[in-house]
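Numbers here simply count residues along the sequence, with the first being 1.
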Amino acid sequence: MYNTCLRITGNEMDAEDVLQESFVSAFKNLSSFKGSASFGSWLKRIVVNNAINAVKKRRMNFESLDGKEDESAIAEPVEEANLSYDVGLVKEGISKLPEGYRLVLTLYLIEGYDHKEIGQILDITESTSKSQFNRSKKKLREILKEELKYAG
């Protein structure tokens, strides 16, 4: 749960605060747990929601599409398909992404939400989620290329 908080907030102190608030909230609202899902998934939903709320408090900005479909929402082929990255390097790269990019990428790739769910959670359109995701992948590739250039 801590790692989920950390991936979403991008900050250790915020992650610790969110995790603590989430456990307190879960304990206080234990009577609302209906058992229709596993306890772990119920708790994770509380953690994810609290982490997202913490990020929103920091005024997360998404690039507006003004109702237009963005070209970057179309998945681009990965040119460096044979390139393998160190997990630590990828984590570091994700932490360097702008907040909106990092959040959408984390919710989609790591937490397993689809773009419709991400749109509902973050109060953005599904197409904005898709374009933010594709832009985040492109930006992450740039960050990783830069990191590899300095490491090599």
Side-chain angles (χ1 to χ4, degrees), residues 1-23 25-26 37-38 40-152:
M1 294 298 169
Y2 171 77
N3 286 332
T4 297
C5 291
L6 185 58
R7 283 190 297 264
I8 294 172
T9 64
N11 176 302
E12 289 181 13
M13 290 178 63
D14 287 345
E16 291 169 1
D17 289 344
V18 166
L19 186 61
Q20 183 173 348
E21 290 171 18
S22 297
F23 280 114
S25 177
S38 73
S41 63
W42 178 76
L43 181 59
K44 183 176 181 180
R45 185 69 179 180
I46 292 171
V47 168
V48 168
N49 287 338
N50 286 344
I52 289 169
N53 288 336
V55 170
K56 283 181 179 179
K57 287 179 186 174
R58 290 193 313 232
R59 300 170 158 270
M60 176 180 48
N61 293 316
F62 289 97
E63 295 178 23
S64 174
L65 297 177
D66 298 327
K68 296 180 274 186
E69 192 66 33
D70 188 4
E71 298 163 7
S72 66
I74 301 167
E76 301 172 8
V78 178
E79 59 200 46
E80 60 271 26
N82 294 328
L83 191 59
S84 67
Y85 295 108
D86 175 76
V87 173
L89 189 63
V90 173
K91 285 182 179 180
E92 180 71 24
I94 290 172
S95 73
K96 292 179 179 178
L97 289 172
E99 201 163 74
Y101 288 2
R102 188 190 73 247
L103 187 53
V104 171
L105 182 93
T106 298
L107 290 173
Y108 186 79
L109 282 182
I110 300 172
E111 303 303 330
Y113 292 100
D114 63 32
H115 290 293
K116 184 176 181 178
E117 292 170 317
I118 294 169
Q120 292 169 344
I121 291 168
L122 300 176
D123 196 28
I124 58 175
T125 65
E126 185 175 344
S127 63
T128 298
S129 175
K130 288 178 183 178
S131 68
Q132 291 289 308
F133 175 68
N134 284 304
R135 289 175 182 176
S136 69
K137 289 191 304 184
K138 183 178 179 182
K139 182 71 174 171
L140 182 58
R141 275 190 225 105
E142 292 170 8
I143 290 169
L144 293 175
K145 281 182 186 178
E146 198 65 27
E147 292 293 324
L148 288 175
K149 188 186 318 179
Y150 289 117

Point to revise | Spacing of CG belonging to L109 relative to CZ belonging to F133, to within rounding of 0.5 Å | key: 4.0 Å
Point to revise | Nearest heavy-atom neighbours spanning G10 and R102 | key: N-NH2, 3.5 Å
Point to revise | Euclidean distance, D114 CG relative to L107 CG, rounded to 0.5 Å | key: 11.0 Å
Check your understanding: Minimum heavy-atom separation for I94 to L140, with atom names?
Key -> N-CD1, 3.6 Å
Study note, to complete from the structure: Residues W42 and A26: closest non-hydrogen pair is CH2-O, 3.6 Å
Review point. With a 4.5 Å heavy-atom cut-off, do I46 and F23 have their side chains touching?
Key: no
Practice item. Starting at CD of Q132, measure out to NZ of K139 and round the result to the nearest 0.5 Å. Key: 13.0 Å
Check your understanding: More than 12 non-hydrogen atoms from neighbouring residues, nucleotides or ligands closer than 6.0 Å to CD on E12, yes or no?
Key -> no
Exercise for review: Locate the shortest heavy-atom distance separating A15 from T9; write the atom from each residue and the value.
Suggested key: N-OG1, 3.6 Å
Practice item. Could you tell me whether a side-chain N or O of Q20 sits under 3.5 Å from a main-chain N or O of D17, the two making a donor and an acceptor? Key: no
Check your understanding: Out of curiosity, T4 OG1 to I110 CD1, how far, rounded to the nearest 0.5 Å?
Key -> 8.5 Å
Point to revise | Over 12 non-hydrogen atoms of neighbours within 6.0 angstrom of OH in Y108 | key: no
Can you list, pair by pair, the side-chain donor-acceptor contacts under 3.5 Å of residues 47-55, counting residues two or more places apart and other chains?
| from | atom 1 | to | atom 2 | distance (Å) |
| --- | --- | --- | --- | --- |
| N49 | ND2 | R45 | O | 3.3 |
| N50 | ND2 | S22 | OG | 3.0 |
| N53 | ND2 | N49 | O | 3.2 |

Revision key, fill the gap. Closest non-hydrogen atoms of S136 and L97, given as atom of the first, atom of the second and distance, are O-CD2, 3.8 Å
Practice item. To the nearest 0.5 Å, tell me how far K56 NZ sits from E99 CD. Key: 12.0 Å
Revision key, fill the gap. Sequence neighbours excluded, the answer for salt bridge (charged side-chain N to carboxylate O under 4.0 Å, His left out) partners of E111 is R7, K44
**Study point:** Interatomic distance, E142 atom CD to K137 atom NZ [nearest 0.5 angstrom]
**Key:** 13.5 Å
Review point. Minimum heavy-atom separation for G40 to M1, with atom names?
Key: O-CE, 3.6 Å
